[in-house]
Amino acid sequence: MTAALGYAAEIAKAPLVPFTFERRATGPRDVRIEIAYCGVCHSDLHQVRDEWGHGIFPMVPGHEIVGRVIEVGAQVRQFKAGDLAGVGCMVDSCRSCASCRDGLEQYCEQGFTGTYNGRERDTRQPTYGGYSNHIVVDEAFVLRISPRLDLAATAPLLCAGITTYSPLRHWKVGPGQKVGVVGLGGLGHMALKFAHAFGAEVVLFTTSPGKEADARRLGASDVVISKNKDEMNRHARSFDFIIDTVSAPHDINAYLGLLRRDGTMTLIGVPDTPPTLQFQHLIFSRRKLGGSLIGGIAETQEMLDFCAERGIVSDIELIPMQKINEAYERMLKSDVKYRFVLDIATLAG
Ligand code: NAP
Ligand code: ZN
Ligand code: ZN
């Protein structure tokens, strides 16, 4: 066991405070990573406040982890000390169910092991995330990070990046399609970048009029203030695909009406209360409503390689660890451009 330093919520809804805990010794298939940066996902906030229930406390959040390998086990083949490495939302899965065999570990039928707020499959010890100075992870769940990208701005790709890349790929978004992105936060700004990079025409729906210029810079050809009914109606029955990233309860029916016949809307935001569905929007135009959860390890690597090739990273605000509680408050006000990233070097300060 090795002592680790992090920031934790000791009980649900408590502010994060410095916390020391133990990491396991580096096993034969393990990689130990000295964490350089960790992105701040709205899921961290939902879980620290126990909005999804069953939270394990003390909780050290963080699942957008990048850093440098400092130690590897004897059987590790893909990594050596000194390599850049990343860890996303998962650190293990059953590895034998149909989903795991298909490389879709996020849909593991026994439930994947979360990077934090989960339990190790063998010892049942709680997992602790990336708001900490190092982490030990089986190499099967460690990602290769290109030195060509800015390291801090790469961190959010590990969750916000893959969570938007995966559904856009699954539903084959590309040239000739009109795509809507709902919400311009961490996930939303990556959805804009990817949908634009895949060649689609992209429209952003936002509640924040001040984000219009940024949305256009990030790839939107039009920006709709979602509270304005006239602006919404202009786009009625025109979208092939809409991806909804909103973190709070809101009306999804207004967006279903903007899909063309046979269009698809995918939910990726996880508000604490479920939406209500006016099913006639589906039935009368054969529309589809779906959902999507992060992405598998192989697809996460594919996304990271795509980003390295195309020079895609997140737009970030780098903050010291001590500002995390303030960052959560700003996130709740939709005041983040467009992802907070923790500079883990400040942890001990
Ligand atoms: P975020 O950075 O806080 O962005 C959420 C955006 O939603 C805000 O910037 C805001 O955009 C919009 N919004 C917030 N409150 C709203 C309201 N009351 N009505 C309408 N719009 C509102 O959050 P994030 O990190 O991108 O995460 C978004 C959601 O995805 C969270 O629920 C998170 O837990 C979930 N998530 C899901 C997965 C998955 O695998 N499916 C993975 C990661 C995260 P505007 O200012 O533009 O309106
Ligand atoms: Zn996340
Ligand atoms: Zn499985």
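Whatever order the structure lists ligands and atoms in, that order sets their numbers, starting from 1.
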Under a 4.5 Å cut-off applied to non-hydrogen side-chain atoms, are [X] and [Y] in contact?
{"X": "R121", "Y": "C94", "value": "yes"}
{"X": "S226", "Y": "Y255", "value": "yes"}
{"X": "H170", "Y": "S292", "value": "no"}
{"X": "T206", "Y": "V224", "value": "no"}
{"X": "H196", "Y": "L218", "value": "no"}
{"X": "M190", "Y": "P156", "value": "no"}
{"X": "I294", "Y": "C159", "value": "yes"}
{"X": "V60", "Y": "Y116", "value": "no"}

Below 4.0 angstrom from a heavy atom of [X], which ligand 1 atoms are there? Numbered from 1 as shown, please.
{"X": "K211", "result": "9 (O), 11 (O), 45 (P), 46 (O), 47 (O)"}
{"X": "T206", "result": "45 (P), 46 (O), 47 (O), 48 (O)"}
{"X": "H46", "result": "31 (C), 32 (O), 33 (C), 34 (O)"}
{"X": "S292", "result": "39 (C), 40 (O), 41 (N)"}
{"X": "W52", "result": "34 (O)"}

Q | Closer than 2.8 Å to the Zn ion (ligand 3) - protein N, O or S atoms, ordered by chain and residue number | A | C94 SG, C97 SG, C100 SG, C108 SG
Nearest to [atom], what protein heavy atom do you find, and at what distance?
{"atom": "atom 29 (C) of ligand 1", "result": "T245 O, 3.4 Å"}
{"atom": "atom 40 (O) of ligand 1", "result": "I294 N, 2.7 Å"}
{"atom": "atom 37 (C) of ligand 1", "result": "I268 O, 2.8 Å"}
{"atom": "atom 26 (O) of ligand 1", "result": "L187 N, 2.8 Å"}
{"atom": "atom 11 (O) of ligand 1", "result": "L184 N, 3.2 Å"}
{"atom": "atom 3 (O) of ligand 1", "result": "H42 ND1, 2.7 Å"}
{"atom": "atom 44 (C) of ligand 1", "result": "S43 OG, 3.2 Å"}
{"atom": "atom 14 (C) of ligand 1", "result": "S334 OG, 3.5 Å"}

(Q) Run the side chain to side chain contact (heavy atoms under 4.5 Å, CB included) test on T115 and I135 for me, step by step, so that the C-alpha distance in whole Å, both residues' side-chain angles and the decisive distance to 0.1 Å come before the verdict. (A) CA-CA 10 Å; T115 302; I135 190 165; 4.1 Å; yes
(Q) Would you say that more than 12 heavy atoms from the other residues, nucleotides or ligands in this model lie under 6.0 Å from the CZ of R217, or not? (A) yes
Q. Around atom NZ of K288, are there more than 12 heavy atoms of other residues, nucleotides or ligands at under 6.0 Å?
A. yes
Can you figure out which of [options] has its heavy atom closest to [atom]?
{"atom": "atom 16 (C) of ligand 1", "options": "V246, L332, T164", "value": "V246"}
{"atom": "atom 17 (C) of ligand 1", "options": "A248, S208, G39", "value": "A248"}
{"atom": "atom 30 (O) of ligand 1", "options": "P271, G188, G269, G295", "value": "G269"}

In terms of side-chain geometry, is the basic nitrogen of [X] or [Y] positioned less than 4.0 Å from the acidic oxygen of its partner?
{"X": "D240", "Y": "K178", "result": "no"}
{"X": "R24", "Y": "D30", "result": "yes"}
{"X": "K333", "Y": "E329", "result": "no"}
{"X": "R23", "Y": "E34", "result": "no"}

Q | Donor-acceptor contact present, side-chain H235 to main-chain M232, <3.5 Å | A | no
Q: Identify which protein N/O/S atoms are less than 2.8 Å from the Zn ion (ligand 2).
A: C41 SG, H63 NE2, C159 SG
Determine whether any heavy atom of [X] lies closer than 4.0 Å to an atom of ligand 1.
{"X": "F340", "value": "no"}
{"X": "A160", "value": "no"}
{"X": "R339", "value": "yes"}

Q: I would like to know whether I312 and F194 meet side chain to side chain contact (heavy atoms under 4.5 Å, CB included); could you show each step before the answer?
A: CA-CA 9 Å; I312 295 173; F194 285 134; 4.2 Å; yes
Is ligand 1 under 4.0 Å from a heavy atom in the side chain of [X], in the backbone, in both, or in neither?
{"X": "T163", "answer": "side chain"}
{"X": "C159", "answer": "side chain"}
{"X": "Y328", "answer": "neither"}

N or O pair under 3.5 Å between [X] and ligand 1:
{"X": "G186", "answer": "yes"}
{"X": "Y338", "answer": "no"}
{"X": "T207", "answer": "yes"}
{"X": "G183", "answer": "no"}

Q: Would you confirm whether the ring centroid of Y131 sits within less than 6.0 angstrom of the ring centroid of Y7?
A: no
Q: Flag the pair F141 / F112 as yes when their ring centroid distance falls below 6.0 Å, and as no otherwise.
A: no
Q.
Can you give me the closest heavy-atom contact between S247 and H42, atom names plus distance?
A. OG-CE1, 3.4 Å
Q | NZ or CZ of R169 within 45° of F198 ring axis and under 6.0 Å | A | yes
Q | CD1 on I162 to CE on M303, rounded to 0.5 Å | A | 5.0 Å
